[in-house]
Number of protein chains: 2
Amino acid sequence: MSEAPRKATITDVARAAGVSLSTVSRVMNGNATVDPALVERVRATAAELGYAANPLARSLVLGRTQTIAVVVPDLGNPTFQAILRGISHAAAVDGYHVLIADSGERVEEERVLAEETRRRTDGVILAAPRMDEAQLGPLLETLAPVVVVNRGRQDAAPVVAADYRHALRELAEHLHALGHRRIVFLAGVARSASNAARLAALEDARAAHDDLEIIEIPAGVDVDSGAEAAEAVLATGATGVLAFNDLVAMGLLTALTERGIRVPDDISITGFDDIPFARHTSPPLTTSAVPAVEVGAQAWRALHSLLTGDEATPFASLVPQLVLRASTAPAP
Amino acid sequence: MSEAPRKATITDVARAAGVSLSTVSRVMNGNATVDPALVERVRATAAELGYAANPLARSLVLGRTQTIAVVVPDLGNPTFQAILRGISHAAAVDGYHVLIADSGERVEEERVLAEETRRRTDGVILAAPRMDEAQLGPLLETLAPVVVVNRGRQDAAPVVAADYRHALRELAEHLHALGHRRIVFLAGVARSASNAARLAALEDARAAHDDLEIIEIPAGVDVDSGAEAAEAVLATGATGVLAFNDLVAMGLLTALTERGIRVPDDISITGFDDIPFARHTSPPLTTSAVPAVEVGAQAWRALHSLLTGDEATPFASLVPQLVLRASTAPAP
DNA sequence: CTGTTAGCGCTTTCAT
DNA sequence: ATGAAAGCGCTAACAG
């Protein structure tokens, strides 16, 4: 645990090589034309001294940090983990670093975190911000360049989103086609845009089928929420359940099975996200595969465009894929 | 997507308030004694201009960034996600930001990533580095302050680790006590320290019971690895399986069940980590609960100590907790 | 082709 | 108590 020796500065290298700072700078940046002999000499001494330019100093003078910030509502949420992963990998390829900030689902923290991290970075990606539109719009202006993930189209920033509405509608249609007429929807975080999109899907489904009854029950986003909703679900007498996501579906599935209810014979359950475990529940979960990693990668691409002065697609919608497995069957 | 207005600088505030830079700086840092009237005036104009000190400039002059780096082998690995979460939350409480770097399990990337991110931060946490001891030791010296997670004790840095050896030994003892005499171990990433710790646990168990046979089979760290190992496991005729982690156990469980093998009647399976789903498999998984979030939190605390000049505990070992569920039973 | 100089925005002696 | 000035380490005109 000894102290590391002070890092060599450009001045050290210049002195050691017997040249000026500018020359060292030019050599290190492959800039302009420098005498080959000098280039060689500077390179050598730089290597010898283990010199590398101080990124902070460079950032200050260049006005860019080669770093972006990602603000997520909850690092424990698999969806955000996947999005973060997509961003991180894609950004790394372009030589960018990623600063993370977790708002812990505290909506009042989002603005502060975004603004603060923005100041140390070249841009920010807001993953599924929970704040309302009235707050988001103005914030985006001050944050530019900024990209928003999983929200509706914005004036002030490109948006990359998974089409939850379409996907849940598809799941609802699937149940309806199987003969289910009374189904329940286990809702997630009330204020989240992805929950709103799902509610819209429910409306679509209701409008399309007047023999279809959909009952909304507040639940949550994790396994326990699903388990806790079991009694409420049974009380409705519904034959099908659209769970907010796979975790909720799994919790419900387990709780129902423990009560001796058979899935899908007595009741059908759908998940959402297609997390890796979804295929390993018993029965395996019918769900919708959300390309979260790809969403992250596209968010990076949009931000990168902004950073390089290119135009970014204002709204990119990625369509989740319906995955039919064994947790759904014809209504009893 | 308009451009954000240039941020106000300390010079702007000084001019607007009719004072010198130093005074503004003093006020903003609550430094020294400044005339209350001036403090008020500076505060007001700063607020009016929406001024906040440029973190980059501060970092350059102060020599600290209020940021740390975390290098993980794979952001997709739930264990590292949890560790990262623990670090992130704990660091946020102390007002630190977190830069993440994912080496993608490419061992040769680790050193570069660590060194590069270190230069933009005040310290780094190496989560389960895959490089060997010969590489790690010297690297730590150049990285200081640095904390290592899930490796053996180091000379040059504090280490925070979960005691995988003890935990797997406990699981093995559990199977032995149930009468299992031939069991298989589904190994993870060969070069990882956590795998090595598990192998040591196996040795401990073998040494303690000469009627115990443990067969090692290379698998992996994810669900598919477990599923793919099913045939190999059956071929051994073992009555118990120690899976590398819960994911592997789940994959195996599913694959075995599909083949009509009953768990735990025909064969017992143990997982590792106690991920949230472990209790929701059927049967629920006997496993060992690794306090990964807490490991992360402690790693931050160690680094924070280093950062503030305090002594850090050289080696902190967190003991996973045995969780008995229904995937293990007496040997047939 | 190379060196000198002026900042990037801020903190911190050092004077006054 | 306040301001002037130096400097963190680097890049980019600007001269020569």
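Worth knowing before you read on, the calculation uses all heavy atoms, side chains too, and leaves out hydrogens, waters and symmetry mates. As the structure is a prediction and not an experimental result, all values here were calculated from the model. A note on names: the letters A, B, ... follow the listed sequences, proteins ahead of strands, and every chain is numbered from 1.
Residue A/N29 has a polar side-chain atom (N or O) positioned under 4.0 Å from OP1 or OP2 of D/dT11. Proximity of B/S25 to the phosphate of C/dC10: no side-chain N or O atom is located under 4.0 Å from OP1 or OP2.
Here the side chain of A/E110 pairs no donor or acceptor atom with the backbone of A/S103 at under 3.5 angstrom.
When rounded to the nearest whole Å, the span between CD1 of A/I10 and P of D/dG9 equals 11 Å. One interatomic measurement links the two molecules: CZ of B/R64 to P of C/dC10, which rounds to 15 Å at whole-angstrom precision. Between the CG atom of B/N54 and the C1' atom of C/dG7 there is a distance of 14 Å, rounded to whole Å. Atoms CG (A/L21) and P (C/dC8) sit 18 Å apart, rounded to a whole Å. With rounding to whole Å, B/R58 atom CZ is found 16 Å from C/dC8 atom C1'. In this structure, B/L60 places its CG atom 13 Å from C1' of D/dT11, rounding to the nearest Å. For B/R119 and D/dC10, the CZ to C1' distance is 11 Å, given to the nearest whole Å. Here the C1' atom of nucleotide D/dC10 and the NZ atom of A/K7 are 15 Å apart, to the nearest Å.
Here A/T9 lies in heavy-atom contact (under 4.0 Å) with sugar-phosphate atoms only. Within the 4.0 angstrom heavy-atom criterion, only backbone atoms of the sugar-phosphate kind lie near B/T23; the bases stay farther away. Residue contacts for B/L62: at a heavy-atom cut-off of 4.0 Å it reaches the sugar-phosphate backbone alone, with no base atom in range. Looking at heavy-atom distances under 4.0 Å, B/L38 makes contact with sugar-phosphate atoms alone, never a base.
Here B/E294 pairs with B/R301 in a salt bridge; the nearest charged N to carboxylate O distance falls below 4.0 Å. Look at A/E115 and A/R119 and you find no salt bridge, because none of the NZ, NE, NH1 or NH2 atoms lies under 4.0 Å from a carboxylate O. With respect to the salt-bridge test (charged N to carboxylate O, under 4.0 angstrom), the residues A/R191 and A/E105 qualify.
A donor-acceptor contact under 3.5 Å links the side chain of A/S22 to the base of C/dT4.
A residue-by-residue look at A/V61 and B/V19 shows that B/V19 has its nearest nucleotide of DNA chain D further toward the 5' end. Where A/M28 and B/D35 each meet DNA chain D at their nearest nucleotide, the meeting point lying more 5' is that of B/D35.
The side-chain contact (heavy atoms from CB on, under 4.5 Å) test with B/Y96 singles out one residue from B/L303, B/T65, B/T67, B/D122, and that residue is B/D122.
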